[in-house]
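Scope of the values below: all heavy atoms of this structure, side chains included, with no hydrogens, waters or symmetry mates.
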Amino acid sequence: MKNIGKIIKILKKEYPDAKTALKFKNTWQLLVATILSAQCTDVRVNLVTPGLFKKYKDTPGFAKADLEEFEKDIHSTGFYKNKAKSIIGAAKKILSEFNGKVPDTMEGLTGLPGIGRKTANVILSSGFGIVVGIVVDTHVIRLSQRLGFTKNTDAVKIEEDLMKIVPKRSWGIVSHLLILHGRKICNARKPLCKECKISKLCPSAFKFR
């Protein structure tokens with residue numbers, strides 16, 4: 001994909017501070033925030049987590065949390081029952097199997113409740129500075145398809161396609177760039193192609209003009 005380098009370069013200029021919008025102080029807080037962010041905005045998660053981290057303080061605190069009370073604490077993030085079970089379950093497993101430390105491998109992370117490959121990639125990249133893949137969320141899926149990077153719809157297959165064409169040095173940043181561009185310009189319903197800095201490199205731009 002000859003345009004991928006140009007696209008990344010342009011987006012880096014547009015979004016020089018591209019990084020995760022989730023606020024956290026350590027890898028455990030990032031894990032919690034990332035689980036909460038499923039089907040929820042980062043803005044909402046950032047409103048919920050300060051009180052949550054103050055109340056439960058650390059991994060042992062989360063492990064001891066009362067499930068019903070915890071569900072109420074995270075209710076506004078949606079899918080709170082599954083998220084509560086996952087977070088409390090992850091805390092217990094980290095304490096029992098990883099000496100209280102969030103694992104820093106894909107295998108270790110995906111073995112925890114509520115954590116799939118996407119969530120693990122976020123934690124590894126933003127929490128540990130370890131990049132073994134590319135985070136693929138709804139924005140990345142949409143933009144990858146529109147830009148012609150992939151014809152797949154499955155997130156895992158899309159990640160595989162991206163890893164083949166994106167230079168490895170850019171694996172960590174490319175998802176942040178696509179997410180920010182997806183939020184600001186290339187939205188789902190009506191992309192702002194006239195304002196888009198990469199529209200000339202986008203095979204789908206003509207469809208929305």
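The side-chain heavy atoms of Ile87 and Leu36, taken from C-beta on, include a pair separated by under 4.5 Å. The closest side-chain heavy-atom distance from Lys194 to Ser199 is not below 4.5 Å. Annotation: side chain of Val131 is not in contact with side chain of Leu124 (no heavy-atom distance under 4.5 Å). Within the 4.5 Å cutoff, the side chain of Tyr80 has no heavy atoms near those of the Phe70 side chain. Here the side chains of Pro60 and Leu95 are in contact, with some heavy-atom distance below 4.5 Å. Side-chain contact between Ile123 and Val102: present, with at least one pair of heavy atoms (C-beta onward) separated by less than 4.5 Å.
Listed by chain and residue number, Glu159 satisfy the salt bridge (Lys or Arg N to Asp or Glu O under 4.0 Å) test with Arg117 (two or more places apart in sequence, or in another chain). Phe53 meets the ring-ring contact (aromatic ring centres under 6.0 Å, His included) test with no other residue; sequence neighbours excluded. Annotation: ring-ring contact (aromatic ring centres under 6.0 Å, His included) contacts of Tyr15 (sequence neighbours excluded): His181. Applying the side-chain hydrogen bond (donor to acceptor under 3.5 Å, both in side chains) rule to Asn187 yields no partners; only residues at least two apart in sequence or on another chain are considered. Listed by chain and number, the residues in a side-chain contact (heavy atoms from CB on, under 4.5 Å) with Asn26 are Trp28, Gln29 (sequence neighbours excluded).
Clustering ILVMFWY residues whenever any of their side-chain heavy atoms sit less than 4.5 angstrom apart, transitively, puts Val135 in a cluster other than the one holding Val140. The hydrophobic cluster containing Ile35 also contains Leu52, counting ILVMFWY residues as joined when their side-chain heavy atoms lie under 4.5 angstrom apart, directly or transitively. Leu22 and Val136 fall into different hydrophobic clusters, where Ile, Leu, Val, Met, Phe, Trp and Tyr are joined by side-chain heavy atoms under 4.5 Å apart, directly or via other members. Put simply, Ile130 and Leu162 are part of two different groups of oily side chains (I, L, V, M, F, W, Y) that touch within less than 4.5 Å, one to the next. The hydrophobic cluster containing Phe79 does not contain Leu67, counting ILVMFWY residues as joined when their side-chain heavy atoms lie under 4.5 angstrom apart, directly or transitively.
No donor-acceptor pair closer than 3.5 Å links the side chain of Ser144 to the backbone N or O of Ile141. Distance alone, capped at 3.5 Å, is enough to place a donor-acceptor pair between the Ser96 side chain and the Lys93 backbone.
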Residue pair Ile158, Asp154: steps toward the side-chain contact (heavy atoms from CB on, under 4.5 Å) verdict: CA-CA 6 Å; Ile158 289 173; Asp154 177 75; 6.0 Å; no
Can you check side-chain contact (heavy atoms from CB on, under 4.5 Å) on Leu147 and Ile198, steps first, answer last? CA-CA 9 Å; Leu147 287 165; Ile198 58 174; 4.0 Å; yes
After noting the C-alpha distance and the side-chain angles of Val166 and Phe149, does the key distance pass the side-chain contact (heavy atoms from CB on, under 4.5 Å) rule? CA-CA 9 Å; Val166 175; Phe149 297 161; over 6 Å; no
Take Ser76 and Val48 through the test side-chain contact (heavy atoms from CB on, under 4.5 Å) and record every step on the way to the result. CA-CA 8 Å; Ser76 65; Val48 171; 3.4 Å; yes
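The minimum heavy-atom distance between Gly114 and Ser86, with the atom names listed, is CA-OG, 3.4 Å. Residue Leu31 comes nearest to Ala90 through the heavy atom pair CD2-CB, 4.3 Å, listed as atom of the first residue, atom of the second, then distance. Across every non-hydrogen atom of Pro167 and Ile8, the tightest pair is CD-CD1, 4.3 Å. When every heavy atom of Ile88 is checked against every heavy atom of Ala63, the shortest pair comes out as CG2-O, 4.0 Å.
Note that the CD1 atom of Ile179 and the OG1 atom of Thr20 stand 7.5 Å from one another [nearest 0.5 Å]. Atoms CG and CG, on Leu143 and Leu178 in that order, are 5.5 Å from each other to the nearest 0.5 Å. Interatomic distance, CD1 of Ile10 versus CG of Leu177, reported as 11.5 Å (0.5 Å rounding). The distance from the CD1 atom of Ile185 to the NZ atom of Lys197 is 9.0 Å, given to the nearest 0.5 Å.
Screening residues 50-61 for side chain to side chain donor-acceptor pair (under 3.5 Å) gives Lys55-Glu69, Lys55-Asp73, Tyr56-Asp73 as the qualifying pairs, with residues at least two apart or on separate chains. Judged as a salt bridge (Lys or Arg N to Asp or Glu O under 4.0 Å), the pairs with a partner in residues 79-92 (not counting sequence neighbours) are, in order, Glu71-Lys81. Note on residues 31-51: pairs passing side chain to side chain donor-acceptor pair (under 3.5 Å), not counting sequence neighbours, are Asp42-Arg183. Sorted by first and then second residue, the salt bridge (Lys or Arg N to Asp or Glu O under 4.0 Å) pairs with a member in residues 7-28 form an empty list; sequence neighbours excluded. For residues 168-178, there are no side chain to side chain donor-acceptor pair (under 3.5 Å) pairs, not counting sequence neighbours. Applying the side chain to side chain donor-acceptor pair (under 3.5 Å) test to residues at least two apart or on different chains, the pairs with a partner in residues 127-143 are His139-Arg142.
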Throw together a table of side-chain donor-acceptor distances under 3.5 angstrom for residues 104-113, partners on residues two or more places apart or in other chains.
{"from": "Thr105", "atom 1": "OG1", "to": "Gly108", "atom 2": "N", "distance (Å)": "2.9"}
{"from": "Thr110", "atom 1": "OG1", "to": "Met106", "atom 2": "O", "distance (Å)": "2.7"}
{"from": "Thr110", "atom 1": "OG1", "to": "Glu107", "atom 2": "O", "distance (Å)": "3.4"}

